[in-house]
Amino acid sequence: MSGGLHIIMEERYSPEAVEVKWQQYWESHGIFSTSEDTSKEKYYLLEMFPYPSGKIHMGHVRNYTIGDVVARYKRMKGYNVLHPMGWDAFGMPAENAAIDNNTHPAAWTYDNMAAMRKQLKKMGFSYDWNREIATCRPEYYRWEQWLFLQMLEKEMVYRKESYVNWCEHCQTVLANEQVEADLCWRCSQPVQQKKLWQWFFKITDYAEDLLLHCDKLPGWPGKVTLMQKNWIGKSVGSEVSFDIEGMDGEIKVFTTRPDTLFGSTFMCLAPEHPLVESLSRGTEQADAVKAFVEKISRQERSTDALEKYEKEGVFTGAWCINPTNGRRMPVFTANFALMGYGTGAVMSVPAHDQRDFDFARKYDLDIVVVIQPEGETLDPATMEEAYTGEGLLVNSGEYNGMKNRDAMAEITTWLEKEGRGKQTVSFRLRDWGISRQRYWGTPIPVIHCDTCGVVPVPESQLPVTLPEDADLLENGGSPLPTLDFFARTTCPVCGRQDARRDTDTMDTFVESSWYFVRYCSPRCETAMFDADAVKYWMPVDQYIGGVEHAILHLLYSRYFMRVLNTLGLIDFKEPFTHLLTQGMVCKETLTCPEHGYLFPEEALPTGEGFKCVKCDNTVEVGRVIKMSKSKKNVIDPNILLEKYGADITRLFCLFAAPPERDLEWNDDGVEGCHRFINRVWRLVDLCREKCGDTPAYDGPMEGLSEDAKNLHRKGHQTIKKVTDDIEDSFHFNTAISAVMELVNAMYSANLNGDDEGMKGVAAFCMENIVLLLSPIVPHFAEELWERMGHDASVVDHTWPQYREDALVSDEMLIVIQVNGKLRSKFNIRADADDDAIKAVALADEIVMKHVADKTIRKVIVVKKKLVNIVV
RNA sequence: GCCUGGGUGGCGGAAUAGGUAGACGCAAGGGACUUAAAAUCCCUCGGAGCAUAGCUCUGUACGAGUUCAAUUCUCGUCCCAGGUACCA
């Protein structure tokens, strides 16, 4: 300010210092710690908690940024917001990492949690860290064990024998993803199917209710509820009993097509069907059947694997009788018949089911047509595929000539009258097998005693603590069965000293099925949760997470709430009122012909494309796909945080695409956001320089200059647009665009004169730009707010409101079309009526040129929008 | 195969109770400032054509249709993504 050589240093926003400053401010003032406050309306906002893998990735950053904006927005709207964070801390990666790095799963997990907590704090998310939970802590899982015991008592959980992938060499169970081409991932030995006794939750008891309420979740994306409906897979059909020739007993089948019953020519049983052995015993087929059943039992049963196997079967040597026409039907056992669906037996109707048709052709079995399509005659000898459409019945005794739709009910009625069947419902959904022969999980709280059988651990002995000083086995198996101090115990009923604990642990989906309830009272030591806290906070108002959890996690959580409801612990059934499934973060892959996939930093830009940092080869730029470590197309959030800080990273995640859509990562785009942030930063300085201390003007339009009115309107329109975009659809990208427009308008506005009204309006707009951006770029907004001279923190400010009377314009723009093509436009008073508008349009010079000598056939006037002249 | 979504500039994306297609941003090109660079600011930017301050035609995957008017509604086709699959 003193001499002539005054250099104006353009001050820029520097995230490093500012972000730490405000994070410390929020933390030291306890801004985000929440408690039940009945004077305020609550809002429970939840993002899916992460698995503590060690580092946050861009998917987390995006998910949690979306959530944080909503949380901060709702807070400004006056809600009492619950916004917790925690760790889905049990699971196999910890075991693998422990073996690979010679650490312990617990140490590895706790270290990772610390590292990720630090990263999340750096992002400035508004979590109530006092409520942090980790599912691997005994204080958490003891209540899961407690719930298991309640369920056991109410017979909501049971034990049965079921198959697992087993590696004989490693003596361990393998998850489906550990089976690679039927071989063990560790030792490359063949994987077998082994039958083990395992625990199941009776989720099927709730199949009907879970299905029914899919239609009562208006806050969920339709595609998610649809996926759940398909997963539950209800089908209505009939159960039919077939007599077995020369034997007592019968074979029960489930069919959705009772109308084709007359056309059933053979029967297929699942290899595990109890009748397979007894039917074939003593026949010349016995050995073949035995061999077949054994072969199938060795095959992997994962859904992926099923596709590989061709449909095949073996005749059991037995025959059954079609109840409608007395036809002798050979009974097969076939690999496509599933013990877990229906009754485990299929009545095969080759003429009208493609799979049965293929099977019949393969084994040269009879094909009988019982439904003829209109205007066509099917001949089994020449048919090339099954006919599955509608038609009239033939070869069906008294039902001949009947429409097949009508015959379904008629035949079922007949079956019921004869005592040979009835209408039933079948679900695709199976009971939830929760036993995992794994170490790093919640121990199942039961004891096996040779005298008393399965005995629940007494409640007073909970938690059954997972021994954390166990060494993992090299082969990946669980050490728990080998730990006598854990596994050997005393039977709580009879006192036998040689009782054994169940050494299986629970599926980690169990922990994530109720963690959101625990957040309501995370330190409660006397119960799973505090009933009053849950009554206040639950259900979750808005849940946000990846669509990959659309089925299992969300369905299990819905199921768990039903269990808690049945047990009388809660009074609601649905955990999540609104659900947002955000898209994936994607990026193109980079491949070097010599070094394979490259990380982005391993490819140097050459102007045209990229070359490999190691070998100078030209890098091939591949398709844009989901970021994944294996494809190396990842951006480490840490690098962004260092270069741009949290706010710019957040801004880009929101600006690049609407949340439900996939986000394509683009480095240039981040740079653009950086530029915008600095543009706002400088605007504040500019505004202060031009407007000084002029107070923000938020009054009516009257008395303002034309320019001031326009800016005033733009300001209020922006508030409305941003509010609506967040409220209606979380479309932050368009909300940010709107603020950008206002910023542009501010730069264009003339603040040099002595138009005091204009300055007041500009001051108002400036404040609102900061307020509207504050949930998105909170540190930046706090800093600006302070620089603007406000004492109070921006997080405690209320969300801006717009004036209805400031939205309206004196004039409106009308476009003129001739035959639907845009030809001209004009401004007119906002209160002009249709006739006036029409008159102006018809008098328009350009319009007259286009109309020329043609006759005007019709003139359409659309209110406040356009005039279309048809010639 | 079946069930969902979705195909809009060089790119990310706007706009659908049918009514100015391409908001906002990125990239690109041109210019200003600067010794220079960075930063910043201004202009141009779907395609084609022409008598080139402008005008005309064309354009929202493709082909039909409804309408004064279609990115938006209907039917058919092709592609892409996600879910699911021996479900009897």
Side-chain angles (χ1 to χ4, degrees), chain A residues 10 12 221-224 226-231 233-235 237 253-257 260 264 267-268 270 303-304 306-307 309-311 334-338 340-349 353-356 358-359 426-430 547-548 550-551 581 583-584 586 623-626 651-652 655-658 660-673 675-676 678-679 682 721 731 733-741 743-744 747 813-825 846 849 857-871:
Chain A
E10 202 128 78
R12 305 195 77 203
K223 83 166 176 180
V224 174
L226 184 69
M227 276 156 72
Q228 294 214 346
K229 280 191 208 173
N230 292 337
W231 186 260
K234 178 180 178 173
S235 46
V253 304
F254 172 76
T255 179
T256 53
R257 293 295 302 275
T260 63
S264 181
M267 173 74 68
C268 290
T303 44
D304 289 350
L306 286 172
E307 272 186 83
Y309 302 115
E310 206 182 319
K311 295 174 205 7
N335 62 346
F336 62 79
L338 305 173
Y341 185 77
T343 61
V346 185
M347 64 167 225
S348 296
V349 186
D353 179 280
Q354 192 56 40
R355 188 191 52 208
D356 296 345
D358 295 342
F359 196 83
S426 216
F427 290 96
R428 213 190 72 105
L429 182 71
R430 315 287 173 78
V547 72
E548 64 271 21
I551 298 175
T581 49
M584 299 177 297
C586 302
R623 297 214 317 189
V624 175
I625 54 166
K626 178 185 178 168
L651 182 64
F652 178 71
F655 181 61
E660 70 280 3
R661 223 185 300 186
D662 286 351
L663 184 154
E664 195 177 316
W665 191 264
N666 174 309
D667 289 332
D668 294 326
V670 190
E671 200 55 57
C673 289
R675 215 173 294 166
F676 171 68
N678 277 304
R679 218 166 130 73
R682 288 192 311 273
K721 171 75 177 155
H731 278 192
N733 57 330
T734 47
I736 294 164
S737 294
V739 179
M740 286 175 167
E741 283 188 51
V743 169
N744 291 343
Y747 270 106
L813 180 70
I814 303 291
V815 305
I816 317 173
Q817 298 180 336
V818 178
N819 286 345
K821 280 183 184 163
L822 175 72
R823 293 301 178 189
S824 185
K825 38 184 122 173
I846 303 166
K849 199 178 86 195
R857 289 196 284 144
K858 204 171 177 184
V859 179
I860 293 139
V861 181
V862 181
K863 283 227 171 323
K864 296 182 179 178
K865 285 228 169 84
L866 63 66
V867 179
N868 189 13
I869 299 160
V870 187
V871 295

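Keep in mind that the numbers below use all heavy atoms, side chains included, and drop hydrogens, waters and symmetry copies.
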Quote, to the nearest angstrom, the [atom1] distance that separates [N] from [M].
N	M	atom1	result
B/U58	B/A69	P	14 Å
B/A21	B/C55	P	15 Å
B/G10	B/G5	C1'	26 Å
B/G59	B/A48	P	15 Å

Selected nucleotide, minimal atom distance to [X] side chain, candidates [options]:
X	options	value
A/Met227	B/G83, B/C26, B/C68	B/G83
A/Leu226	B/A15, B/C3, B/C24	B/C3
A/Thr255	B/A69, B/G83, B/A88	B/A88
A/Leu866	B/G19, B/A88, B/C55	B/G19
A/Lys825	B/U20, B/G12, B/U84	B/U20

Is the shortest side-chain N/O distance from [X] to OP1 or OP2 of [N] below 4.0 Å?
X	N	result
A/Lys858	B/C68	yes
A/Arg823	B/U56	yes
A/Arg428	B/A85	yes
A/Arg675	B/A27	yes
A/Lys821	B/U58	yes
A/Asn230	B/U4	no
A/Arg682	B/C41	yes
A/Arg679	B/C41	yes

Problem set entry | Candidates A/Glu664, A/Arg661, A/Lys626 - the one meeting side chain to side chain contact (heavy atoms under 4.5 Å, CB included) with A/Met584 |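 Looking at A/Glu664, A/Arg661, A/Lys626, the match for A/Met584 under the side chain to side chain contact (heavy atoms under 4.5 Å, CB included) is A/Lys626.
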
Exercise. Nearest heavy-atom pair of A/Met347 and A/Ser264: which atoms, and what distance?
Worked result: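 Minimum heavy-atom separation between A/Met347 and A/Ser264: CB-OG, 3.5 Å.
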
For this session: Specify the closest pair of heavy atoms between A/Thr581 and A/Pro221, including all atoms of both residues, with the distance to one decimal.
Result: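 Shortest heavy-atom contact: OG1-CG, 3.9 Å.
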
Report the distance from atom [atom1] of [X] to atom [atom2] of [N], rounded to the nearest whole Å.
X	N	atom1	atom2	value
A/Glu671	B/G12	CD	C1'	16 Å
A/Met740	B/G13	CE	C1'	12 Å
A/Lys229	B/G83	NZ	C1'	15 Å
A/Ile814	B/A69	CD1	C1'	16 Å
A/Asn744	B/C26	CG	P	10 Å
A/Gln817	B/C68	CD	P	13 Å
A/Glu660	B/G82	CD	C1'	14 Å
A/Arg661	B/C80	CZ	C1'	14 Å

For this session: Take A/Asn868 and A/Gly669, find for each the nucleotide of RNA chain B with the closest heavy atom, and name the residue whose nucleotide sits nearer the 5' end.
Result: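 With A/Asn868 and A/Gly669 compared, the 5'-side residue is A/Gly669.
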
Problem set entry | A/Leu813 or A/Gly820, whichever maps to the more 5' nucleotide of RNA chain B |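 So the residue in question is A/Leu813.
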
Problem set entry | Distance, nearest 0.5 Å, that separates OG of A/Ser426 from CZ of A/Phe254 |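 Nearest 0.5 Å value for the OG-CZ distance: 4.0 Å.
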
For this session: To the nearest 0.5 Å, tell me how far A/Asp667 CG sits from A/Phe652 CZ.
Result: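 Reported to 0.5 Å precision, the distance equals 8.0 Å.
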
Validation: residues 857-871 of chain A side-chain donor-acceptor distances under 3.5 Å, sequence neighbours left out:
from, atom 1, to, atom 2, distance (Å)
A/Lys863, NZ, A/Asp834, OD1, 3.4
A/Lys863, NZ, A/Asp834, OD2, 3.3
A/Asn868, OD1, A/Gly820, N, 3.0

Exercise. Can you name the residues that form a ring pair (Phe, Tyr, Trp, His ring centres under 6.0 Å) with A/Phe336, not counting sequence neighbours?
Worked result: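 If we apply the ring pair (Phe, Tyr, Trp, His ring centres under 6.0 Å) test to A/Phe336, skipping adjacent residues, the hits are A/Phe359.
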
Exercise. Taking O4'-C1'-N9-C4 for purines and O4'-C1'-N1-C2 for pyrimidines, is B/G63 syn (within 90° of 0) or anti?
Worked result: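 Anti conformation here, the glycosidic angle of B/G63 being more than 90° from 0.
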
Problem set entry | Face-on cation placement of A/Arg679 at A/Tyr747 ring, 6.0 Å and 45° thresholds |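 Yes, A/Arg679 lies over the aromatic ring of A/Tyr747.
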
Exercise. Backbone N or O of A/Val818 within a donor-acceptor pair of the A/Arg823 side chain at under 3.5 Å?
Worked result: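 Such a contact is absent between A/Arg823 side chain and A/Val818 backbone.
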
Exercise. Could you write out RNA chain B as a dot-bracket string, with dots for unpaired bases, | for bases paired across to another strand, and Watson-Crick or G-U pairs counted at under 3.5 Å?
Worked result: (((((((..(((......[....))).(((((.......))))).(((((...)))))..(((((..]....))))))))))))....

Exercise. Going by modelled atom types, is there a donor-acceptor pair between the base of B/C86 and the side chain of A/Lys311 at under 3.5 Å?
Worked result: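 Such a pair exists between side chain and base.
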
Exercise. Is A/Asp668 side chain donor-acceptor paired with the B/C26 base, going by distance under 3.5 Å alone?
Worked result: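 Counting by modelled atom types and ignoring angles, no donor-acceptor contact under 3.5 Å is found here.
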
